[in-house]
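This report concerns only the one structure given below.
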Amino acid sequence: MKYRNIMTIRKLTSLALTGVLLTGSALTLGGCSQKSDDNANVLYVYNWGEYIGEDVVEKFEEETGITVIYDEFETNEVMFPKIDADPSEYDVICPSDYMIAKMIENDLLRPLDWDKMPNATAYTGKTYLEQAESFDPGNVYSVPYTWGTVGILYNTEEVDEEIDSWSVLWDEKYYDEILMQDSVRDIFAVALKYLGYSLNTTDLAELEEARDLLIRQKPLVQAYVVDEVRDKMIAGEAKIGVIYSGEAEYTREENEAMAYVIPKEGTNVWIDAWVITRDTHHYENALKWIDFMCRPDIALENFEYIYYSTPNIGAMELMDEEELENETLFPDLDNYDNLEAFDYLGEEAEAMYFELWKELKSAD
Amino acid sequence: MSKTSKHTAMLGLPYYAWAIVFIIVPLFMVVYYGLTDKTGAFTLDNVMAIAHPAHAKALWTSLVLSLESTAVCLLLAYPLCLVLARSGKSSNSFLVLFLIVPMWMNFLLRTYAWQSILEKTGIINTALAALHLPPQHLINTKGGIILGMVYDFLPFMILPIYNALAKIDRNVIHAAHDLGADDLQTFLRVILPLSMPGVISGITMVFIPGMTTFVISALLGGGKILLIGNVIEQEFTLAYDWNMGSGLSLVLLVFIVINIVIQMLTDKDGEGVL
């Protein structure tokens, strides 16, 4: 009897251990979706977290009969290695500008057949297509999906001053009240703009200066996070956070005391756009997906759920005055002469950024 | 060899196949990547990269935090196991209930739950505020990470120690008393030595996951405290440098191997091995 008890405990222990090991491997293997049938009427979509209207995937499936396998990523840098390892793992992806440039340079994308995307052709605003040429000359590979800025979100009930500069992120009275983006390019962009440099600099001295500035800020920072900035700000965990404009608008819906500002030193203006992978097995379905996203009613539905500015003129015509006058979503960018989009900087510069980032994360 | 024992040996085949595909092959891949550069040429640079100040510091932090949480687990687990082992069989159901049930919940979820417990506006600080006590800075600290490790790994300390203690024949303890040993002497010279295999096994099972975690430090450290697990994860995901990531994993593997060797040396009968 005693022996059996011991066996039970052993078995339970090993079961429990297996559970933990499996959880661990599930974490690392999470994104490896299996694909057995290349001819099935399916579409593998890889998008940012919470970056689509709630019912949009379902509507697409209903209207087209295509089964969508939908996965999410948190940063461009996490997405890239997966696609580089296997450019057929997903069919359609929504990366940011500089990452699209990198994917084009690494030959991971397939040119789009615009003739098969009437909505994309008709409703994508010209200004945005022109802006997109900075990372995708000729608009060969990508259709803009959302655009926005990076700025400071603060709780006006907790912060007495009117914030207009990145300098507030180094103000010691906000000790443990600041949230920064846990993402290499975004966090360095803040320091570089504050110092008056380009956020695309590859000058080591400028970057080291930015690193030192960020290390000096580290004790004041409550946490380096990505999606949690939004939830922590709403919950009142922090008073000030660096955030994307769409996320900022979401927090304002939850709490009217939130204010979003584009600092006077300038910031990053970005575009996220749909692209199709080089080795896609479902090219036609992917084109249908992109075109579906550009249909005005769908673009509007996405906009109203995710709160990121849309480049879709059809959707903008459907919006009411109040939405169009929202300065967080549709800021008057003519007031700034120091806005920049991220460029792809090449592997050498990326390694340099990563090295400095490690030094920042490792600092006390 | 009789026919039956041949057949019995066959029963292990599915596991051997599993082990080759999912343990041996990946291990060789890690070794291969770790000892080569991007062009595939042999190099020790990826392993030597542990000397990089950021990496060495992360390794040291991991070592310290992991040892600290192992010590806390041991201090919590051993007395509890003494009580449980003494109270006999009926305590088994108690043990199962209180240790195994929380483990049915996803480990990630439980760690997220700690986030909302420890936060500035979390459960503990809300309670403190209600009692007009000053708020405590709990999350995004090393203490927070240790707490997460202790919570997640404590069962792995309790179970082997309990297992070892429950196996001790009561007659041995009676004999010690009969021969004039008092409680302390019995504990130090009989119970403790006999339970050491369980203790060593428990230490291994807490120390190793503590050394390698990157999730707990990410969620409860606010991204401000870099452990070696985080460095390796970022090499694979952010820097996309599998060679460097594998090289650093090999360094970590050395610690794990040392730990297992110690366990094997102190536990020749395999009693504490699960």
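Just so it is clear, the model here is predicted, and its values are computed rather than measured. In what follows, chains carry the letters A, B, and so on, assigned in the order in which the sequence lines appear, proteins first and then strands, with residues in each chain numbered from 1.
- There is no contact between B:A58 and chain A, counting heavy-atom distances below 4.5 Å.
- Counting all heavy atoms, side chain and backbone alike, B:Y240 lies closest to A:A85 at OH-N, 3.8 Å.
- Taking CD of A:E350 as the reference point, atom CG of B:L238 lies at 10.0 Å (rounded to 0.5 Å).
- Two residues are said to be in side-chain contact when any heavy atoms from C-beta on lie closer than 4.5 Å; A:Q222 and B:E119 fail this criterion.
- Rounded to the nearest 0.5 Å, atoms OH (A:Y224) and CG (B:N140) are 11.0 Å apart.
- The environment of A:E253 atom CD is dense: over 12 non-hydrogen atoms of other residues, nucleotides or ligands sit within 6.0 angstrom.
- For B:N171, the CG atom counts as densely surrounded, since its 6.0 Å shell holds more than 12 non-hydrogen atoms of other residues, nucleotides or ligands.
- The backbone N or O of B:I225 lies less than 3.5 Å from no partner atom in the side chain of A:K361, so there is not a single donor-acceptor pair.
- Contact of A:Y353 with chain B is not made at all, since no heavy-atom distance falls under 4.5 Å.
- Of the inter-residue distances, the one linking A:F354 atom CZ with B:D241 atom CG reads 8.0 Å to the nearest 0.5 angstrom.
- Looking at A:E237, its side chain does come within 3.5 Å of a backbone N or O of B:T121 through a donor-acceptor pair.
- The stretch residues 53-63 of chain B participates, sequence neighbours left out, in these salt bridge (Lys or Arg N to Asp or Glu O under 4.0 Å) pairs: A:D364-B:K57.
- A donor-acceptor pair is defined here as one N or O able to donate and one able to accept, closer than 3.5 Å; such a pair exists between the side chain of B:K120 and the backbone of A:D176.
- Interface remark: B:F236 contributes backbone atoms only to the contact with chain A (heavy atom separation under 4.5 Å).
- Interface remark: A:E347 contributes no atoms to any contact with chain B (heavy atom separation under 4.5 Å).
- For the set A:V78, A:N76, A:V221, the count of heavy-atom pairs under 4.5 angstrom toward chain B peaks at A:V221.
- Identified by a heavy-atom distance below 4.5 Å to chain B, the contributing residues of residues 211-220 of chain A are A:K218, A:P219, in residue-number order.
- With rounding to the nearest 0.5 angstrom, the OG atom of A:S362 is 8.0 Å from the NE2 atom of B:H52.
- Looking at A:K358 and B:E235, a side-chain N of the basic residue comes within less than 4.0 Å of a carboxylate O on the acidic one, giving a salt bridge.
- Contacts of A:E177 with chain B are made by both backbone and side-chain atoms, with heavy-atom separations under 4.5 Å.
- At a 4.5 Å heavy-atom cutoff, B:E233 makes no contact with chain A through either its backbone or its side chain.
- Contacts of A:A351 with chain B are absent, with no heavy-atom separation under 4.5 Å from either backbone or side chain.
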